[in-house]
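Notes to accompany the following structure.
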Amino acid sequence: MSSPIAASPQPSPTVGIRGPHLLTLIALSAVSPLAINIVVPALPGLQRVFQADYATVQLALSLYLLTFALAQLIVGPLSDRYGRRPVILWGLVVFAIGSAMCVLAPSIEVLIMGRVVQALGGSAGIVLARAIVRDLHERDRAAAVIGYMTTGMAMAQMVGPAVGGLLDEKVGWQAIFWLLTGASVIVFGVCLTDLRETNRYRGQSIGISALITGYGTLLRHPVFVSHAATATFASAVYFAFMGGAPYIATELMGLTPSIYGLYFIFVAGGYAVGNFISGRRAQAYGIARMITLGNALALVSIALSAVLLAMGLMHPLSLFVPMFIASVANGITLPSAIAGAVSARPDLAGAASGLSGALQVGLGAVATAVVGATLSDSAAPMVATMGFFAVLAFITGLWARRHA
C-alpha cells in the first residue's frame, strides 16, 4: 500500500457512472436521524410506561448512538469491498427488523435491544450516501452536494420530534416505531429501483489486517484527521444539546412532548438554513472558509446561551434561539468538514466516511450521557459541555484550514 499521504488513484469520479437522484440520497440520509429525533420527546413517557429510571430510558438514545458509531467502522469498509448498493439494501432490512422489535417490546430492555438493531442497519444509509457523493464529485462540489443533501435530512430532524411527540400523546409510543418501519420499507423500494453502484474501487480486502491498515492510513493522514476532528467536535455541540434539552424542556420548563417537538423546529430549521448556505456557497468559497465561518458562529451561539443562563432566564426561547444559531453553524461547518475527510483518500472513501461518522456519533453518545448524568435543576452543565466542544471544533478547524 502506498504511504499515508501519497496520491491515491484518481480516475474521473463521474465517468461512466449514473448517480442516484438527489432525493434518494436525501431519503437515505434521513432514515437514521429520524430514528434518533422522533424518539426523543417520548423518553419521559417511556420512563413511566416501563417504570424505569430516566438514565435507563436514555439508553434508548445513548446506545443507539454508540452502536451507530461502531457499526460505521464496518459499514464503510464493507461498501469499499462489496459496493455501496448491497450494503445499503441489507442495512435497510436490518433497520426494519429493529423497528419491529421496538413495536413489540414488552420491556425497556427489549426496546433498547431493538434500538441497537435499528442502529446497526441505520448506519449504512447516512454513511454511504456521503461516500456515494464523493464517488461522483470532486471535493468542493461534494461539499456543496452534501449541503443540499443534508438540507433534506434536516427536514426529517425538523418534523421528527413534532411527529414523535404527537404520536406519543395521541396514539401511543408504538406508533413511532410503526412509522419508522414503514419509512425503511419505502426507502428500500426507492433504492431498489434508483440506486446503482457507484464505487469504482470495490474489491478491496476487508480482513482484520486490511481494516487496521486502512484505518491506520487514514489516521496518519493530516487532511483526514483535521477535518474528521472538526466534524466530530462540531457534532458534539448538537449531541450535548440532545442529551439535556428533553429534560430541561419537560422537567424544568413544563413543556409537553408535542410542544417540545414544535420548539425543536428551531434546531432543525437552523440546520437546514446552514446546509442551504453550504449548498449555495461551499463550491465558490471553498471548504476552509466555510469551516471557519461555521465554527465562529457556534462560539457566538454558546456565548449568547451563557449570557441568558447567567440572567436566570428559563423561557423556551432562551433555550432554542441560541440553539438555532448553533444549528446554522453546524449546517455550515459539517458538509465542508465531512467532504474534506472523505476526500483525503478517494480509494478509501467508504472507510473514511465510516470512520469520521463513527467518531462523530461515538463522541456524541458520550456527550449525551455526560449531560444526562450531570443535569439537575439548571441548564449550566449542558451549556458548559456545548461550549467545551465548540472551542475544540474552532481549534481543529484552524488546523484543517492548513490542509484544505
Side-chain angles (χ1 to χ4, degrees), residues 32 34-70 98-120 122 160-161 163-178 180 236 238-261 263-264 267 309 314 316 319 323 361-386:
S32 193
L34 179 63
I36 295 172
N37 288 279
I38 198 172
V39 174
V40 170
L43 293 181
L46 290 174
Q47 180 182 358
R48 293 186 292 271
V49 167
F50 292 111
Q51 297 182 343
D53 58 79
Y54 187 74
T56 300
V57 172
Q58 197 185 46
L59 291 176
L61 175 62
S62 298
L63 284 185
Y64 183 100
L65 294 174
L66 182 60
T67 305
F68 185 65
L70 295 175
S99 300
M101 288 177 61
C102 293
V103 170
L104 303 173
S107 66
I108 189 62
E109 291 80 11
V110 176
L111 186 140
I112 291 170
M113 186 182 302
R115 290 285 285 170
V116 168
V117 176
Q118 265 191 330
L120 286 171
V163 171
L166 287 172
L167 288 175
D168 182 42
E169 285 185 17
K170 306 300 183 183
V171 184
W173 61 268
Q174 293 96 334
I176 293 173
F177 297 104
W178 277 121
L180 292 174
Y238 167 78
F239 284 115
F241 180 83
M242 288 286 290
Y247 178 86
I248 294 169
T250 58
E251 302 300 324
L252 302 186
M253 296 182 178
L255 302 183
T256 64
S258 58
I259 296 300
Y260 168 81
Y263 270 110
F264 197 85
V267 181
L309 178 65
M314 284 297 289
L319 180 67
M323 193 57 200
V361 182
L363 185 60
V366 172
T368 60
V370 167
V371 172
T374 55
L375 282 175
S376 56
D377 58 352
S378 169
M382 183 186 74
V383 175
T385 305
M386 292 170 66

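Predicted model, so just to flag it, every value in this text is computed and none were measured. Values below: all heavy atoms of this structure, side chains included; hydrogens, waters and symmetry mates excluded.
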*Identify the two heavy atoms, one from Val171 and one from Ala175, that lie closest to each other, and give their separation to 0.1 Å.*
CG1-CB, 3.6 Å
*asked:* Are the side chains of Phe177 and Leu111 in contact, using a 4.5 Å heavy-atom criterion?
replied: yes
*Any side-chain heavy-atom pair from Val39 and Leu61 closer than 4.5 angstrom?*
no
*asked:* Rounded to the nearest 0.5 Å, what separates atom CG in Leu66 from atom OG1 in Thr368?
replied: 9.5 Å
*How long is the span from the CG atom in Leu63 to the CD1 atom in Ile112, to the nearest 0.5 Å?*
6.5 Å
*With a 4.5 Å limit on heavy-atom distance, are the side chains of Val57 and Phe50 in contact?*
no
_Side chains of Met242 and Leu65, heavy atoms from C-beta outward: is any pair under 4.5 Å?_
no
_Non-hydrogen atoms of Cys102 and Gly114 that approach each other most closely_ = SG-C, 3.6 Å
*Does any N or O in the side chain of Thr374 come within less than 3.5 Å of the main-chain N or O of Val371, such that one atom is a donor and the other an acceptor?*
yes
*Between CZ on residue Arg48 and CG on residue Leu43, distance to nearest 0.5 Å*: 11.0 Å
*Met323 side chain reached by Tyr238 side chain, heavy atoms, under 4.5 Å*: yes
*Go through the steps to decide whether Phe239 and Leu363 satisfy the test side-chain contact (heavy atoms from CB on, under 4.5 Å), and finish with yes or no.*
CA-CA 9 Å; Phe239 284 115; Leu363 185 60; over 6 Å; no
*Grab the two heavy atoms, one from Ile248 and one from Ala379, that are nearest each other, plus how far apart they are.*
CD1-CB, 3.6 Å
*Could you pull out the closest heavy-atom pair between Gln118 and Ser99, with the gap in Å?*
NE2-OG, 2.9 Å
*If every non-hydrogen atom of Ala105 is compared with every non-hydrogen atom of Trp173, which pair is closest and at what distance?*
O-CH2, 3.8 Å
*Walk me through it: do Met253 and Ile259 pass the test side-chain contact (heavy atoms from CB on, under 4.5 Å)?*
CA-CA 11 Å; Met253 296 182 178; Ile259 296 300; over 6 Å; no
*asked:* Donor-acceptor check, side chain of Arg115 to backbone of Ala60, threshold 3.5 angstrom: yes or no?
replied: yes
_Minimum-distance pair of heavy atoms, taken over all atoms of Ile176 and Ala42_ = CD1-CB, 3.8 Å
_Sequence neighbours excluded - side-chain hydrogen bond (donor to acceptor under 3.5 Å, both in side chains) pairs with any residue from residues 241-252_ = none
